[in-house]
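Here is the structure we will look at.
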Amino acid sequence: MAVPFQSRAKSKPLLRPNRMSQNQPWRPGQSQERPTRCGDVLPVAGGHAGEAITPRAADMMPSAENRVLGRTPNDGPASGMESAATRNKQRGVVSNAPGLQDVSVTQTDIPGSPGQRLVTKFVAGQAVGQYVIYRGEGGDDQGGGGCSVAMWTDKVTIGEALEATATTAGDKTVEASDAAAIQAAEATATGVNAVMPGGVAAAAQAAAAANASRDRNDDKTRLGQVVKDAAIRLPVDKVATRRDAERVLAAEMRNNPDLLTYPGGVGASMVAAARLNQQR
């Protein structure tokens, strides 16, 4: 079954890059090479996408990371900007002007997950990087490992797969098997096994419990009502893989009296997303 997946480049953490391909007119005395611009390496839109990345602009991201985190991660937006700035300088296509000025890093505690914080990096007010850090023994922050999110991907994420279920099985009443599958998907995306208060899994569990006590089918909560904004409500998202899909399928089957999965349901959407990602 084909499952429609819609991106939310503006409203959710996972964003797509702008591939700047326009050639600028050459003028005498100017280099004929085109500089690497912000939109080539970062998922930013608008006028800032066309700004060349200068060494001074590239230095701003690690500086912001150090101020907030006390260190600079080895990969991510800072590393992409630094490489671009180095190439531009070697080719002589940029000056050492400041360029981009609006670079910042924020970190927030993840509700229901003690010791875990969500770090988001912004350029020109637009999110360009996001990952989870864990507070380890001795108070040290540790990189999110499997929870780290690649911000410039065109693959289907777990949040998008959940949202697709609203189209393929949106009228289905929420049952325990659906709630279990959604919880497995949320845990896989965030790296947090506990149900997060106010999250998609918490809503699914509440709906399943309420539906079990209702006699009239019309009074029951539908699956589409629970997952319609899943990609936005997940504090962290990741690309759906075959292993992720297997985990969600297993959870759905274990909580179904007949050990079956629902056609077009949460597990099926995850499988479709994983297969599509393998082809990209």
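None of these values were measured; they are calculated from a predicted model.
With hydrogens and angles disregarded, a donor-acceptor distance shorter than 3.5 Å links the side chain of Thr165 to the backbone of Ala161. One N or O on the side chain of Thr190 and one on the backbone of Glu186 form a donor-acceptor pair closer than 3.5 Å. Panel note: side chain Asn277, backbone Val156; a donor-acceptor pair is recorded below 3.5 Å. Side-chain atoms of Asn88 come within 3.5 Å of backbone atoms of Thr36 as a donor-acceptor pair (strictly under, hydrogens ignored).
Between Met270 and Leu249, every side-chain heavy-atom pair lies at or beyond the 4.5 Å cut-off. Using a 4.5 Å heavy-atom threshold, the side chains of Asn211 and Glu175 count as separate. With contacts defined as side-chain heavy-atom distances shorter than 4.5 Å, the pair Arg242/Glu246 qualifies.
Residue Ile158 comes nearest to Ala185 through the heavy atom pair CG2-O, 3.6 Å, listed as atom of the first residue, atom of the second, then distance. Minimum heavy-atom separation, Pro263 to Ala169: O-CB, 4.5 Å. The shortest non-hydrogen separation linking Val226 to Arg233 is O-NH1, 3.3 Å. Scanning all heavy atoms of the two residues, the minimum distance from Arg247 to Asn193 falls at NH2-OD1, 3.2 Å. When every heavy atom of Thr173 is checked against every heavy atom of Lys220, the shortest pair comes out as CG2-CB, 3.9 Å. Closest heavy-atom contact between Gly264 and Ser269: O-OG, 3.8 Å.
Residues Val271 and Val248 fall into different hydrophobic clusters, defined by Ile, Leu, Val, Met, Phe, Trp and Tyr side chains chained together at heavy-atom separations under 4.5 Å.
Thr157 and Asp237 share a donor-acceptor pair across their side chains, judged by distance under 3.5 Å alone.
Within the model, atoms OG1 of Thr261 and CG of Asn255 stand 13.0 Å from one another, a figure rounded to the nearest 0.5 Å. Between atom CG of residue Asp171 and atom OG1 of residue Thr168 there is a gap of 10.5 Å, rounded to the nearest 0.5 Å. To the nearest 0.5 Å, the span separating CD on Glu163 from CD1 on Ile232 amounts to 6.5 Å. Taken from CG in Leu162 to CG in Asp229, the straight-line distance is 11.5 Å, to the nearest 0.5 Å.
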side-chain contact (heavy atoms from CB on, under 4.5 Å) assessment of Arg87 paired with Ile53: CA-CA 10 Å; Arg87 289 195 302 269; Ile53 298 179; over 6 Å; no
Before you tell me yes or no, could you show the steps for Thr241 and Thr188 under side-chain contact (heavy atoms from CB on, under 4.5 Å), namely the whole-Å CA-CA distance, both residues' side-chain angles and the distance that decides it to 0.1 Å? CA-CA 10 Å; Thr241 66; Thr188 302; over 6 Å; no
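Around the CG atom of Asn217, the shell of radius 6.0 Å holds more than 12 heavy atoms that belong to other residues, nucleotides or ligands.
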